[in-house]
2 protein chains.
Amino acid sequence: MEASRLFAERGYHGTSTRDIAEKVGMRQPSIYSHFATKHLILAELLDADLVPARARIRAALDLPAPVAARLHAYLQVDVAAILSLPYDVRGLYNDDVLRAPELAEQARRRAEIHDLTRELIDTGIDGGELVPFDTSFVQHAITGLLLEVVRERGATPSTAPAARALDVADFVLRALLLDAKLLNDVRARAGALVPHITALAAPHPEHAGA
Amino acid sequence: MEASRLFAERGYHGTSTRDIAEKVGMRQPSIYSHFATKHLILAELLDADLVPARARIRAALDLPAPVAARLHAYLQVDVAAILSLPYDVRGLYNDDVLRAPELAEQARRRAEIHDLTRELIDTGIDGGELVPFDTSFVQHAITGLLLEVVRERGATPSTAPAARALDVADFVLRALLLDAKLLNDVRARAGALVPHITALAAPHPEHAGA
DNA sequence: GCGAAAAGCTATCGACCTATAGGCTAGGAG
DNA sequence: CTCCTAGCCTATAGGTCGATAGCTTTTCGC
């Protein structure tokens, strides 16, 4: 349901099932041949982002490499993946809709991604690689950065996805690296990790759970 | 209308005038004794944030000091000011509601703030103080960071506002400063600027324009 | 070709939405 | 004491919402 980027533009409550139907060229009740409820439409869009995203951060946590390089690579892959999605999924995470009981599973997935992100950052701080910022603050900062950078895409895609992905990764690692001189080294190591994260995140066949 | 933080929690479309009325202890139609339309309720909340925010970035642009110090001070004051608001205004900027013609003035104000932010960053890059990131990217990064850090407040106010304000300012300047060793110096200069920005931003009597 | 399932349609329901109409009341000015 | 205004009320208009019922069309294995 690619055309359901309406959710991203107008928000869940601001988008009616009639709007969606018109965008995909059918009548409103026909939507219900494909989705039992409006919430499930959003759930499918969210899962299309959350499931690969969780696979990416898990891959970054498992790789044997310094935290800084893993974080840099993860951010690159994440931004690139999000920017390559046909719709602006990140625009959905603002609404409180995630608190709806029907979307509890998606909310849990998102929380899990945040937990794993904090875990990676914590490891980096404990290992003396990263500046000892408050871990929760850093996680929120990264989330906000991703959210807004991706929202920029809707307006003026001023830069190529790969370049913007590097911008994000560089920005965060400049902020977090204890020794700024290591950035070039981190970048080089991260470049080597990128294929591994991409590989580990993509091929999961997804057994389409409950 | 302090109790209208409902907009922030549920989004504009997700909040009905009945919800608002109930929160302030009246019946739904009585709202219309105070506001002609639902949009104007949101407009007032937005202005309460946007007008002082614009004054702050203008103050930061006018002060005679290095860009890095002005940016650091601006971010501190901005985060502290936003966190001290009784409602989570930033939660409102996600919806597309800002594109509604009734809120065109608020959208313009917000764009102006973004323009002024870019101007400050550009000055810093041209002057060799800041890393030559894409200016638009940096503005979006800052916006996203502010948005999300403030949203954190709603859940777990893990840290005091002043400390979180310093976190944000430090994070951004570590990312942007060409010479990371200057951070302590920047922080000291910024500390001296904070009162000036606060002073220039607050006392504007506001002649309540058209 | 044929029959069943998948997917679309029209019609409509009941709930909820923003906003208006018009009346009641409390409090200050004269 | 009277009048006027501000602020609240009830009632309701007029429209949109998500979702269901039941019929028709398209698709496709055989």
| said: Each nucleotide in nucleotides 8-13 of chain D should get exactly one letter: B, S or -. Can you fill that in based on protein heavy atoms under 4.0 Å? | reply: BBBB--
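- In this structure, NE2 of His13(B) is placed 16 Å from C1' of dC16(C), rounded to the nearest angstrom.
- Scored by the salt bridge (charged side-chain N to carboxylate O under 4.0 Å, His left out) test, Arg108(B) finds Glu112(B) as partners (sequence neighbours excluded).
- With sequence neighbours excluded, the residues that form a ring-ring contact (aromatic ring centres under 6.0 Å, His included) with His39(A) are Tyr12(A).
- Atoms CG (Asp19(A)) and P (dT16(D)) sit 11 Å apart, rounded to a whole Å.
- In this entry the distance linking CG of Leu40(B) with C1' of dT18(C) reads 13 Å, nearest Å.
- Between Tyr32(A) atom OH and dT10(C) atom P there is a gap of 17 Å when expressed in whole angstrom units.
- For the residue pair Thr143(B)/Gln139(B), the side-chain donor-acceptor check at 3.5 Å is satisfied.
- The CZ-C1' distance, from Phe35(A) to dG18(D), rounds to 15 Å in whole Å.
- Listed pair Ser16(A) / dT16(D) fails the phosphate criterion, with no side-chain N or O lying under 4.0 Å from OP1 or OP2.
- Put simply, CD1 on Ile31(B) is 10 Å from P on dT18(C), counting in whole angstrom units.
- Take Arg187(B) and apply the salt bridge (charged side-chain N to carboxylate O under 4.0 Å, His left out) test, not counting sequence neighbours, and it matches Asp170(B).
- Applying the ring-ring contact (aromatic ring centres under 6.0 Å, His included) rule to Phe133(B) yields the partners Phe171(A), Phe137(B); only residues at least two apart in sequence or on another chain are considered.
- Between Phe7(A) atom CZ and dC17(D) atom C1' there is a gap of 13 Å when expressed in whole angstrom units.
- Every residue meeting the side-chain contact (heavy atoms from CB on, under 4.5 Å) condition with Arg10(A), not counting sequence neighbours, appears here in chain and number order: Leu6(A), Thr15(A), Asp19(A), Asp96(B).
- Taking atom CG of residue Leu42(A) and atom C1' of nucleotide dG18(D), one finds them 15 Å apart after rounding to whole Å.
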